[in-house]
Amino acid sequence: MSVIKGDASPAASERMMRVNPLRRLLVRPETGAVAGSIAVWIFFVLIAGGSGFSSLSGTANYLSVAAELTILAVPVALLMIGGEFDLSIGSMVGACGMLIVTLSTQYGLDIWLSMLIALIFAVLVGMLNGYLVLRTGLPSFIVTLGTQYILAGATTGFTSVIVGLTTVGGLDKMEGYSTAHAIFASLIPIGGAGFHIEIIWACALVILATWLLLATPFGNWIFGVGGDKNAARNVGVPVARVKTLLFIGTAVCACLLAVIQAATFTNADVLRGQGLEFQAIVAAVVGGVLLTGGYGSPIGSMFGALVFGMVEQGIIFAGVDVNWYKVAIGVILLLAVLLNGYVRKLAMKVRR
């Protein structure tokens with residue numbers, strides 16, 4: 001009886017290794033976000049281009065908004081790829097900002113020392129979030145929601161006791177402010193428009209996160225713990241260390257944004273940062289990150305944040321009531337989730 005064998009020739013092996021370029025493009029997490037951001041830009045150029053949206057000043061405005069959100073969305077994307085959420089980052093922005101300004105203006109600390117203390121505080125809170133999630137086994141959504149309320153309440157309470165107000169200013173009069181402003185809040189003149197230096201910070205963060213995720217063993221660990229933490233643990237991945245470091249990363253980046261905002265506005269407000277946690281999650285989802293973990297891209301989250309920035313500023317340039325902003329974001333979120341699901345299904349159907 002003869003046995004029919006498959007074609008094991010080198011040519012067949014080569015064909016098996018080839019991947020359709022279209023499929024390779026479609027399965028990229030950021031594909032939908034890139035296409036969506038291009039569509040949003042074209043839309044607002046058509047309806048608000050004459051009002052300044054497409055000018056250099058208009059571009060600087062929406063890139064600044066996008067950069068601030070990118071600083072939060074990138075570490076949130078990494079954490080979500082690792083299978084967890086952090087809802088405390090919005091309150092962390094307000095807490096770190098208030099800590100920096102209060103220590104400098106009320107207690108006379110050098111601004112750089114105040115920033116260092118705020119950074120240490122952020123690291124400790126990130127470690128606490130990671131410890132509680134891993135120790136209790138509770139969903140990170142619940143744990144960090146509790147941390148969010150604790151941070152928001154403590155920031156308001158301590159500020160009211162120390163200063164008697166919910167806003168503290170005067171940071172620009174403190175020693176070391178000029179250097180901090182140059183590093184974190186200066187403007188880069190291009191063609192008569194001022195581009196905020198936070199754009200460079202955001203781009204640097206995206207590059208660092210992309211390298212970490214795609215070119216290091218730690219990146220493989222992130223995908224592993226997000227896909228199946230038990231399987232990852234069985235092959236030697238330090239699950240607890242990976243998740244804890246990811247929580248520290250979100251807290252540290254929230255502190256970075258607090259530093260940028262404090263240096264920009266020379267003050268701190270207990271309400272600053274509230275709601276940013278949900279915007280960061282939406283930006284990550286629009287950027288192709290799966291809510292179930294194990295799949296996503298820092299580059300996609302950057303483009304998701306870019307969509308936010310263009311919609312927020314585009315509505316203003318178009319003269320539309322800003323109350324419609326959240327409606328637009330909600331629609332974009334739903335469309336993005338549906339588009340990402342469709343693109344992945346389409347990619348699976350594409351043949352060589």
Side-chain angles (χ1 to χ4, degrees), residues 70-96 99 115-152 154 205-206 208-259 273 276-278 280-281 283-284 289-298 301:
T70 297
I71 291 172
L72 293 183
V74 167
V76 164
L78 293 180
L79 182 62
M80 289 174 64
I81 294 170
E84 304 293 349
F85 294 90
D86 189 351
L87 298 184
S88 67
I89 55 172
S91 295
M92 179 63 73
V93 173
C96 287
L99 196 58
M115 289 180 184
L116 178 60
I117 293 173
L119 177 61
I120 294 173
F121 173 74
V123 170
L124 292 175
V125 173
M127 291 176 63
L128 177 63
N129 281 336
Y131 174 80
L132 290 176
V133 169
L134 295 165
R135 184 69 174 177
T136 65
L138 292 172
S140 55
F141 184 92
I142 298 298
V143 171
T144 57
L145 182 62
T147 312
Q148 176 198 44
Y149 278 105
I150 293 171
L151 286 173
L205 183 61
V206 171
L208 175 62
T210 302
W211 170 79
L212 182 70
L213 190 64
L214 300 181
T216 69
F218 188 77
N220 291 331
W221 293 351
I222 294 174
F223 283 117
V225 300
D228 188 334
K229 65 178 181 181
N230 292 324
R233 186 180 288 112
N234 290 336
V235 297
V237 175
V239 175
R241 188 195 313 168
V242 172
K243 288 183 179 285
T244 301
L245 288 173
L246 291 175
F247 276 111
I248 292 174
T250 57
V252 167
C253 287
C255 181
L256 172 60
L257 181 58
V259 169
L276 287 179
E277 62 277 359
F278 294 109
I281 291 174
V289 177
L290 289 183
L291 293 172
T292 53
Y295 182 87
S297 160
S301 65

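We're numbering straight along the sequence, starting at 1.
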Please report the shortest heavy-atom distance between [X] and [Y], naming the atom on each side.
X: Ala232; Y: Val225; answer: CB-N, 4.0 Å
X: Leu87; Y: Glu277; answer: O-CG, 3.6 Å
X: Pro75; Y: Leu205; answer: CD-CD2, 4.2 Å
X: Ala254; Y: Met92; answer: CB-CG, 3.6 Å
X: Gly126; Y: Phe247; answer: O-CB, 3.4 Å

| remark: Applied to residues 244-256, the side chain to side chain donor-acceptor pair (under 3.5 Å) test, sequence neighbours excluded, yields Asp86-Thr250
| said: A side-chain contact here means heavy atoms from C-beta on lying under 4.5 Å apart; do Val76 and Ile89 qualify? | reply: yes
| query | Are the side chains of Val259 and Cys96 in touch, meaning some heavy atoms are under 4.5 Å apart? | reply | no
Which atom pairs, donor and acceptor, lie under 3.5 Å between side-chain atoms of residues 211-223 and protein residues at least two apart or in another chain?
residue, atom, partner, partner atom, Å
Thr216, OG1, Leu212, O, 2.4
Thr216, OG1, Gly219, N, 3.3

| said: Using a 3.5 Å distance criterion without hydrogens, assess whether the side chain of Ser140 forms a donor-acceptor pair with backbone atoms of Phe85. | reply: yes
| task | Say whether, by atom type as modelled, one donor and one acceptor occur between the side chain of Lys243 and the main chain of Gly82 under 3.5 angstrom. | result | yes
| request: For the pair Leu132 and Leu138, evaluate side-chain contact (heavy atoms from CB on, under 4.5 Å) and give the outcome as yes or no after the intermediate values. | output: CA-CA 8 Å; Leu132 290 176; Leu138 292 172; over 6 Å; no
| field | Derivation of the side-chain contact (heavy atoms from CB on, under 4.5 Å) call for Leu257 and Leu276 | value | CA-CA 11 Å; Leu257 181 58; Leu276 287 179; 4.0 Å; yes
| said: Looking at Arg241, I'd like to know if its CZ atom is crowded, meaning that more than 12 non-hydrogen atoms belonging to other residues, nucleotides or ligands lie closer than 6.0 Å. | reply: no
